[in-house]
Amino acid sequence: MTRQEMNVIVEQGVRSSVENVCGTMLGCSVEVGETRQIGHPLQESDGVVALIGMAGQWVGTGALTCKPDLACRLAGALLMDTFDTVNEEVLDAVAELTNMVIGNLKTVIEEHVGPMGLSTPTTIYGASFTTKIGGSQEWTLIPVRVCDGDLLVQVCMVPNEQGRGSLNRLDVVGHMVTRN
Amino acid sequence: MPIDVLVVDDSAAIRKILQRVLAQTELPLGKILEAGDGFEAIERLTANNIGLVLTDINMPNMDGIELLKKIRENPQWKSIPVVMITTEGSQQKVLEAVDLGAAGYVRKPFTADQIKEKLLGLV
């Protein structure tokens, strides 16, 4: 399978996964925007980022990024509660949404490349920080309009050349976070 | 007689959602206990008279498949129905859980009706 073919699977998988997860668990309207590919992203953020790794014949990372106010609304919709500030419950809710979105994407990818492992999600919250993605892989960016806010889904998948068949290699695509 | 339920998931959000869903089912349920991984679940099972377990699969320390094995190996617990509630959708994991005696399987995301329907035959 080529990276271009994988990018198509990722795009379609994220679309169906986001619509399924948001429609079922959040009960709010979802609008998936135009997908674009970028290489070597260096992204400034001032909100919540949740990251999760996948590993098998292909390895990669999925990330959900949003502003604090949307993170609070997403958590509120998921937990049927109200949140004014980003706290542990909000971060846990965003992590679980990421787990469901990327977990459902993983199931789609597995139909093409066989079994894959999924890491537990990591969430990062800060007022001003930069996420730098290690390496020079191409990322698929899928903007989503949900709960009156902008959510960005980012996925990078690369062939696992060094550890074919291993479900444990999560280090091919890495992340580095620095304070601005 | 109401039965006590153990909800096992490393996500506090999912545990909170399941608490709410279970409270709304109108099934004869007693206490709803929580655990964050398989090891905590074993502690709850040891200390309480649990009649139903809902567990995630992908968890740190001890995952849901390993927990299911431990429950099936223990003479006191082996008849407790265990329902897997997880994002894990691979056939391999589903078959493994079924082979180990899982009473049901619900994929995340889920609706309250899906959970209730799965539990109707077990409670």
Side-chain angles (χ1 to χ4, degrees), chain A residues 13 16-28 30 50 52-56 62 71 74-81 83 87-123 167, chain B residues 7-25 32 34-40 54-67 84-97 99 105-118:
Chain A
S16 63
S17 181
V18 163
E19 287 170 357
N20 185 21
V21 170
C22 294
T24 306
M25 302 301 289
L26 303 181
C28 54
V30 184
I52 193 162
M54 294 173 273
L74 291 172
L78 183 69
L79 301 174
M80 291 188 174
D81 208 336
F83 299 97
N87 59 18
E88 198 174 331
E89 266 192 288
V90 171
L91 293 178
D92 190 72
V94 174
E96 186 52 38
L97 285 172
T98 307
N99 184 45
M100 283 190 270
V101 168
I102 304 301
N104 277 267
L105 170 65
K106 179 190 85 97
T107 302
V108 172
I109 295 173
E110 283 178 328
E111 292 170 10
H112 301 273
V113 301
M116 302 178 77
L118 190 72
S119 76
T120 51
T122 298
T123 46
L167 300 183
Chain B
V7 174
V8 190
D9 200 305
D10 57 326
S11 165
I14 289 295
R15 297 199 302 269
K16 187 173 181 178
I17 291 166
L18 285 172
Q19 284 265 8
R20 190 181 65 236
V21 167
L22 290 171
Q24 292 171 346
T25 59
I32 300 169
E34 296 184 10
D37 62 29
F39 284 113
E40 275 188 28
L54 309 182
T55 183
D56 187 15
I57 288 184
N58 292 320
M59 294 181 291
N61 303 321
M62 184 194 294
D63 69 16
I65 295 289
E66 194 58 34
L67 172 62
M84 318 303 285
I85 300 179
T86 177
T87 52
E88 188 58 69
S90 72
Q91 280 296 102
Q92 187 187 8
K93 290 282 185 184
V94 175
L95 291 173
E96 191 177 2
D99 284 347
Y105 197 94
V106 178
R107 283 277 306 279
K108 296 177 191 172
F110 54 78
T111 63
D113 286 344
Q114 285 171 330
I115 299 291
K116 185 177 178 180
E117 188 181 325
K118 196 61 72 176

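Atom CZ in B:Arg107 sits 11.0 Å away from atom OG1 in A:Thr24 (nearest 0.5 Å). With rounding to the nearest 0.5 angstrom, the CG atom of A:Asn99 is 7.5 Å from the OG1 atom of B:Thr86. Going from atom CG of A:Leu97 over to atom NZ of B:Lys108 covers 11.0 Å, rounded to the nearest 0.5 Å.
Here the shortest heavy-atom pairing between B:Ala13 and A:Asp92 reads N-OD2, 2.6 Å. The nearest pair of heavy atoms linking B:Pro109 to A:Met25 is CB-CG, 3.3 Å.
With a 4.5 Å cut-off on non-hydrogen atoms, B:Lys16 touches chain A through its side chain but not through its backbone.
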inquiry  = Is there a side-chain contact (heavy atoms from CB on, under 4.5 Å) between A:Glu96 and B:Ile17? Walk through the geometry before answering.
reply    = CA-CA 11 Å; A:Glu96 186 52 38; B:Ile17 291 166; over 6 Å; no
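At a cut-off of 3.5 Å, with distance as the only test, no side-chain donor of B:Thr87 or A:Asn104 sits close to an acceptor on the other residue.
Residue pairs satisfying the salt bridge (Lys or Arg N to Asp or Glu O under 4.0 Å) criterion with at least one member in residues 107-118 of chain A, sequence neighbours excluded, are listed as follows: A:Lys106-A:Glu110.
For residues 54-62 of chain B, the interface with chain A (any heavy-atom pair closer than 4.5 Å) comprises B:Asn58, B:Pro60, sorted by residue number.
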